[in-house]
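Only one structure is covered here, and it is reproduced in the block below.
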Amino acid sequence: MSSTSQVASLAVLVFLVCATLASGAASVRVGLTRIHASPGTPASQLVRDALRRDMHRSAGRALAASDSAAATTVSARTRKDLPNGGEYLMTLAIGTPPVSYPAIADTGSDLIWTQCAPCGGQCFKQPSPLYNPASSTTFGVLPCNSSLSMCVGVLAGPAPPPGCACMYNQTYGTGWTAGVQGSETFTFGSAAADQARVPGIAFGCSNASSDDWNGSAGLVGLGRGALSLVSQLGAGRFSYCLTPFQDANSTSTLLLGPSASLNGTTGAVRSTPFVASPAKAPMSTYYYLNLTGISLGTTALSISPNAFSLNADGSGGLIIDSGTTITSLANAAYQQVRAAVKSLLTLPAIDGSDSTGLDLCFALPSPTSAPPAMPSMTLHFDGADMVLPAESYMISGSGVWCLAMRSQMDGAMSTLGNYQQQNMHILYDVRKETLSFAPAKCSTL
């Protein structure tokens, strides 16, 4: 989960605590932004940091309803941010009165969480004030026997006493967060006429976290599990359009609910079915796709049709993830892509592993030189082709031009990252179990 990266679930530790805390299906529109680095930050550093986070996320993974419920469409503005790489952030508000905060939009996890006051001394710096449950009239402790409690699976015997709260410590590939589960009213949309307030959302109220969360104040899981925002809203579908990686000014919108659609696209809509996810966590939360082949220009690469198959034991497969930046491919497939790209260029090839984390780079004549023309790359999904222009699979900066993909060990899970999703309008139809997409100018939607 990131624009650079990030957040595959490693593990969740939960325990019951009888504590007294201060308390006081709709369709949703949410804006997405990517955090940008300070001016002058080399693109090579951004990519290197993004890859670092992607690989931690990937390593962590290795360890590790119907629309009618919604009265309106819930929406949120989103932006791109790149302090250490980048994630797409959505802005939403929590509590009464509502306190606005930016959170990473992550289709590769479920838990919704934000940092809460008082902080136990290990909280990261965030751009917005800490949410304080004692200042909200709508906060409540989520009962530990609630169907949305992370502790419900470990309960046994008689019902727990009133006030029993579920404490959690969730570890991701790039960090961790710990706190207590609560229930709150969330507000989506910026303009008054566009706002939707949704009560009773289960979320994590974190009092301690690592410092690896890239300019956000938390995370919003958009995966397939019961705790995700998608599931809690009863949103049968959601859509987003990620603005270009190098565009520091534009924002886009995340829509959850009946109004999520692919209006305003610049090309034909294609659809492919989701592959059924394994029942075991964390794989159960991922959106798996059936990638059957890859072409560069008009040349189909020699990749086994089983290279991206999801195995019975939960290994392998390919997921689409808004929280990971750079696409990773099973090594046998990656080597075919790498060789095909290299064969088309006469520029000096260099290993950019140290400077960018990408192993296939080319030296441009000068730092200001424009890269040469390259054909599009086509990802052949079951029943649908996703066509990537060169700027969605190659990245330039600091005088080098690199293939923005990396190798994944054969048998491990491959990931379609958000760099390859830029300027693509994407619709997740959870109820119909399909992913639809079309090229679009996301900064104008």
Side-chain angles (χ1 to χ4, degrees), residues 12 14 17 19-31 69-72 74-76 89-106 109-120 123 126 128-152 162-168 170 177-190 195-209 213 216-223 225-235 254 256-257:
V12 182
V14 295
V17 109
T20 302
L21 297 185
S23 54
S27 226
V28 185
R29 175 185 302 269
V30 189
T72 59
V74 179
S75 65
L89 302 187
M90 56 188 286
T91 300
L92 62 165
I94 182 172
T96 306
V99 176
S100 180
Y101 74 101
I104 296 166
D106 184 27
S109 67
D110 289 333
L111 183 65
I112 306 164
W113 64 268
T114 187
Q115 293 195 118
C116 293
C119 175
C123 287
Q126 63 179 55
S128 58
L130 288 175
Y131 158 77
N132 189 340
S135 300
S136 173
T137 60
T138 47
F139 173 79
V141 176
L142 187 72
C144 53
N145 60 349
S146 164
S147 61
L148 293 175
S149 169
M150 299 167 76
C151 291
V152 69
C164 188
C166 182
M167 309 294 291
Y168 62 87
Q170 176 141 342
T177 189
V180 62
Q181 276 193 283
S183 174
E184 249 303 7
T185 295
F186 279 69
T187 301
F188 304 90
S190 52
Q195 283 188 344
R197 284 176 57 81
V198 183
I201 297 290
F203 76 108
C205 188
S206 291
N207 303 112
S209 299
W213 300 103
S216 74
L219 184 145
V220 174
L222 299 171
L227 284 174
S228 79
L229 181 62
V230 177
S231 297
Q232 291 197 59
L233 291 175
L254 169 69
L256 298 102

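Here the side chains of Asn207 and Cys116 are in contact, with some heavy-atom distance below 4.5 Å. Inter-residue side-chain proximity for Phe188 and Leu256 is flagged as unmet; no heavy-atom pair is nearer than 4.5 Å. Within the 4.5 Å cutoff, no side-chain heavy atoms of Ile201 are placed close to those of Glu184. Between Leu227 and Gln181 the shortest side-chain heavy-atom distance falls below 4.5 Å. Considering only heavy atoms from C-beta on, Pro98 stays 4.5 Å or farther from Gln195 through its side chain. Taking the side chain as every heavy atom from C-beta outward, Gln232 and Val198 never approach each other to under 4.5 Å.
Here Ile94 contributes atom CD1 and Ser100 contributes atom OG; the two are 11.0 Å apart, rounded to the nearest 0.5 Å. Taken to the nearest 0.5 Å, the CG atom of Leu222 stands 9.5 Å off from the OG atom of Ser231. Within the model, atoms OG1 of Thr96 and CZ of Arg197 stand 4.0 Å from one another, a figure rounded to the nearest 0.5 Å. To the nearest 0.5 Å, atoms CG (Leu148) and CZ (Phe203) are separated by 13.0 Å. Between the CG atom in Leu219 and the CG atom in Leu229 there is a gap of 11.0 Å [rounded to 0.5 Å].
The SG atoms of Cys166 and Cys151 are placed within less than 2.5 angstrom of each other.
The two atoms that bring Tyr131 and Gly95 nearest to each other are CE1-CA, 4.3 Å, heavy atoms only. Closest approach of Pro143 to Ser149, counting heavy atoms only: O-CB, 3.6 Å. Annotation for Phe186 and Leu92: closest pair CD2-CD1, 3.4 Å, computed over non-hydrogen atoms. The minimum heavy-atom distance linking Leu142 with Ala202 is given by the pair CD2-CB, 4.0 Å. For the residue pair Ala103 and Ser216, the shortest heavy atom distance occurs at CA-CB, 4.2 Å. Taking each heavy atom of Trp113 and Ser206 in turn, the nearest pair found is CE3-OG, 3.7 Å.
Thr177 places no side-chain N or O within 3.5 Å of a backbone atom of Ser209 that could act as its donor or acceptor partner. With Ser136 contributing its side chain and Pro133 its backbone, the two residues share no donor-acceptor pair below 3.5 Å.
Partners of Ala117 by side-chain contact (heavy atoms from CB on, under 4.5 Å), not counting sequence neighbours, listed by chain and number: Leu130, Asn132. Among residues two or more places apart in sequence or in another chain, the side chain to side chain donor-acceptor pair (under 3.5 Å) test is passed with Ser183 by none. Checked against side-chain contact (heavy atoms from CB on, under 4.5 Å), Ala217 has the following partners two or more places apart in sequence or in another chain: Tyr101, Pro102, Thr114, Gln126, Ser128.
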